[in-house]
Amino acid sequence: MTTFPPVDEQMSILMRGVDFGDDLTRTNMEKELRARLEKASATGKPLRVYCGFDPTSSDLHLGHTVPLRKLRQFQELGHEVVFLIGTFTGTIGDPSDKESARQQQTLDAAMENARTFTEQAFQVLDRQKTLVEYNHKWLGELSFGDVIDLASNFTVQQFLTRDNFSKRHAKGDPIWLHEFFYALMQGYDAVALNTDVQIGGTDQLFNLMAGRKLMEAKGTEPQVVLTFPILVGTDGTLRMSKSTGNSIGIHEAPGVIFTKVLSLADHTFRNFAELVTRWSQTKIDEMLAEIEAGRLNPQEAKAQLAWEIVSIFHGDEAANQAAEDARRMFEGDIPSDAPEHAIAGAIGLLDLMNEAGLTRSNSEARRLIQQGGVRLNGETVEDAGEEIAHTAGKDQVLQVGKRRYLRIVSA
RNA sequence: GGGCGGGUGCCCGAGUGGACAAUGGGAUCUGACUGUAAAUCAGACGGCUUUCGCCUACGGUGGUUCGAAUCCGCCCCCGCCCA
């Protein structure tokens, strides 16, 4: 028999950040969640909570960590968490986040991605308290008759009302039949797992609700659903996603994460602070107020944000190092993790830049020089034909733009 | 089964015989400015050489033409509509 913190306390933690885009839904879900928590306290039986992730990429990015953080909170309160990997759903492609159909993938590819994916998830989740599941285990077992049975709970109109489907329909773009089944499959996950609560992004509301509907049809009490705002990507507008190329992967090097966060647009601060940090709402509100009042430099705020995020995934030490490197770079100093390149004799600047991977072609290197973006030992280079002398035992520093450095070591 | 439309540079998307390495937007990069690497403004953005020039590129292939991303044949792929 497990004991839980007081229901009010649990509610305040669990409802933080929840966003349905609809007050009525919020009120209902809040009521249902409270009832479930009370029941759990009375019976000593923890709630079963889950969130599904499609293994479409081998790496998790900050966007994935939003629901993971919420699962973690449930774990800390003593509830049971299922980390569900959409090995089956992932092969179909979720239409939720796209206005066009997503690429399908094979089960093998999905399983391969799932491996690294899960490992990374444990940077947020408590490994000991997490049950990992794969939905191909039950979805792959359904017969055609079973599928028809599930489908009979929905109408085509319900699907066509969905924003992303109606837009595509209006534009005359294709809507594949199998995309409709995505919601059914995800809904069936809830039935198969017999869950109490499901977490997801606001874009998942339709799919989560499908789960409720199917559970009702099967005679089980429908799950509570909690949805959270979408994290924007580095472009500041679009949803963070690896395929859009605007993501910050949690596996990326501390220095990379740090500089990516530092160069986010100022207006994304709230979104990131509320969704991916461990900070309290009070702290976030205070920071925003300070920025508003002009007492806190937005860049300083972003530096703290960057430190916090690096610290979550790589620890305090890595965060300190990344912050120090960023500061040095900003002041025009070479960072500690600058790559080195050894030269054996004198070498043409263009060749050196290409060899060291700073540029991909002579044209690109020339262009940078023409634009005044290349410095050698602090001096702006003006002649693209310049040669780098071989100075035995003495390092030289090549800088391209504000962020790229190369330490030239003479062999 | 029938009718129609489409495949262009990292992405989106103009361009229907020469003025096209190819308009525009996004992304990216550089510079200026700024208490930020944000915002804003300016520039760059296939490759080789940088002076002229040359090479590669608009699904594939074969043609027509002095000359094609643009016209024609065949092939591959994709979408919409009607049945």
Side-chain angles (χ1 to χ4, degrees), chain A residues 93 95 97-104 165-179 232-248 255-273 287-288 290-307 309-310 322-335 348-351 353-354 357-376 379-386 398-406:
Chain A
D97 57 336
K98 298 276 192 270
E99 279 164 31
S100 57
R102 185 196 267 179
Q103 194 73 35
Q104 294 182 43
F165 283 134
S166 66
K167 270 186 194 153
R168 279 156 66 184
H169 191 239
K171 273 177 68 184
D173 283 343
I175 299 172
W176 293 88
L177 192 54
H178 70 259
E179 294 183 67
V232 297
T234 51
D235 61 296
T237 311
L238 300 172
R239 166 204 176 91
M240 183 177 289
S241 132
K242 188 163 182 190
S243 54
T244 312
N246 64 356
S247 67
I248 302 177
V256 173
I257 296 180
F258 198 94
T259 46
K260 277 191 183 182
V261 174
L262 209 49
S263 49
L264 286 170
D266 291 352
H267 76 264
T268 62
F269 181 79
R270 179 192 289 277
N271 191 244
F272 276 82
M287 286 179 81
L288 285 164
E290 290 288 297
I291 292 171
E292 184 67 27
R295 285 192 296 269
L296 177 62
N297 181 338
Q299 199 210 11
E300 173 50 30
K302 283 188 288 186
Q304 288 183 38
L305 180 68
W307 190 94
I309 292 173
V310 172
E324 169 66 11
D325 280 338
R327 190 189 60 73
R328 289 176 60 170
M329 237 192 285
F330 187 61
E331 289 172 0
D333 260 344
I334 185 163
L349 179 58
L350 297 182
D351 288 337
M353 289 171 75
N354 287 326
L358 289 171
T359 48
R360 257 180 273 173
S361 68
N362 284 351
S363 300
E364 189 183 347
R366 272 209 190 82
R367 207 179 296 137
L368 287 164
I369 293 167
Q370 274 164 13
Q371 293 175 146
V374 179
R375 261 156 302 234
L376 177 64
E379 300 276 316
T380 302
V381 177
E382 301 195 353
D383 177 16
E386 187 157 332
L398 185 66
Q399 181 185 2
V400 175
K402 286 178 179 134
R403 311 190 206 182
R404 280 171 288 169
Y405 285 84
L406 182 72

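Side-chain atoms are counted along with the backbone in the values below, which use heavy atoms only and exclude waters and symmetry mates. The chains referred to below are lettered A, B, ... by the order of the sequence lines, with proteins before strands, and numbering in each begins at 1.
The shortest distance between side-chain heavy atoms of A/L376 and A/E386 falls below 4.5 Å. A/F165 places a side-chain heavy atom less than 4.5 Å from the side chain of A/E179. The shortest distance between side-chain heavy atoms of A/L349 and A/L398 falls below 4.5 Å. Side-chain contact between A/T237 and A/N246: absent, with no pair of heavy atoms (C-beta onward) separated by less than 4.5 Å. For the pair A/R375/A/V381, no side-chain contact is recorded, criterion being any heavy-atom separation below 4.5 Å from C-beta on. Within the 4.5 Å cutoff, side-chain heavy atoms of A/F272 are placed close to those of A/M240. The shortest distance between side-chain heavy atoms of A/T380 and A/V374 does not fall below 4.5 Å.
Of the two residues near RNA chain B, A/N362 and A/R327, the one whose nearest nucleotide lies more 5' is A/R327. Mapping A/L262 and A/L350 onto RNA chain B by nearest heavy atom places A/L262 closer to the 5' end of the strand.
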If you restrict it to nitrogen or oxygen atoms, what contacts under 3.5 Å exist between nucleotides 77-83 of chain B and the protein, and what is each distance?
{"unit_1": "B/rC80", "atom_1": "OP1", "unit_2": "A/P174", "atom_2": "N", "d": "3.4"}

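When the side chain to side chain donor-acceptor pair (under 3.5 Å) test is applied to A/N271, no partner is found at least two apart in sequence or on another chain. Partners of A/S361 by side chain to side chain contact (heavy atoms under 4.5 Å, CB included), not counting sequence neighbours, listed by chain and number: A/S363, A/E364. Among residues two or more places apart in sequence or in another chain, the salt bridge (Lys or Arg N to Asp or Glu O under 4.0 Å) test is passed with A/R295 by A/E290.
If you measure from atom CG of A/N354 to atom P of B/rG47, you get 10 Å, rounded to the nearest angstrom. Rounded to whole Å, the distance from CD on A/Q304 to P on B/rA38 is 19 Å. Nucleotide B/rU36 holds its C1' atom 6 Å from the CZ atom of A/F330, rounded to whole Å. The separation between A/R360 atom CZ and B/rG46 atom P is 12 Å, rounded to whole Å. For A/Q370 and B/rA42, the CD to P distance is 21 Å, given to the nearest whole Å. If you take CG of A/L296 and P of B/rA38, they are 18 Å apart, rounded to a whole angstrom. In this structure, the CZ atom of A/R366 is 17 Å from the P atom of B/rA44, given to the nearest Å. Spacing between atom CG of A/N246 and atom P of B/rC12 amounts to 16 Å, rounded to whole angstrom units.
Rounded to a whole angstrom, the distance from the C1' atom of B/rG13 to that of B/rA69 is 14 Å. Taking atom P on both B/rG79 and B/rA27, the two are 29 Å apart, rounded to the nearest angstrom. Only the P atoms considered, B/rA14 is 29 Å distant from B/rG62, to the nearest whole Å. Comparing B/rU70 with B/rC58, their C1' atoms sit 10 Å apart, to the nearest whole Å. Using C1' as the reference atom, B/rC72 and B/rC54 are 31 Å apart when rounded to the nearest Å. For the P atoms, the distance linking B/rA83 with B/rU28 amounts to 47 Å, nearest Å. Distance noted for atom P between B/rA38 and B/rC10: 25 Å (whole Å). Comparing the C1' positions of B/rU16 and B/rC11 gives a spacing of 24 Å, expressed to the nearest Å.
Among the protein residues, A/T259 comes within range of the nucleic acid bases, having at least one heavy atom under 4.0 Å from a base atom. In this structure, A/A326 reaches the bases: a heavy-atom distance under 4.0 Å links it to at least one base atom across the strands shown.
Within a 6.0 Å radius of CZ in A/R327, other residues, nucleotides and ligands contribute more than 12 heavy atoms. The local environment of CD in A/E331 is crowded, with over 12 non-hydrogen atoms from other residues, nucleotides or ligands closer than 6.0 Å.
Distances were taken from every side-chain heavy atom of A/S363 (C-beta onward) to each of B/rU36, B/rU49, B/rA37; the shortest belongs to B/rU49.
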Contact state string [nucleotides 23-31 of chain B, B base, S sugar-phosphate only, - no protein heavy atom under 4.0 Å]: ------SSS

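Side-chain N/O atoms of A/N354 and A/T359 include a donor and acceptor closer than 3.5 Å.
In this structure, A/S361 reaches the B/rG47 phosphate: one of its side-chain N or O atoms is under 4.0 Å from OP1 or OP2.
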What does the 5'-to-3' dot-bracket notation of RNA chain B look like when only Watson-Crick and G-U wobble pairs under 3.5 Å count, and pairs to other strands show as |? ((((((((.[[[..)..(.....]]].(((((.......))))).(((....)))...[[[[[..)....]]]]]))))))).

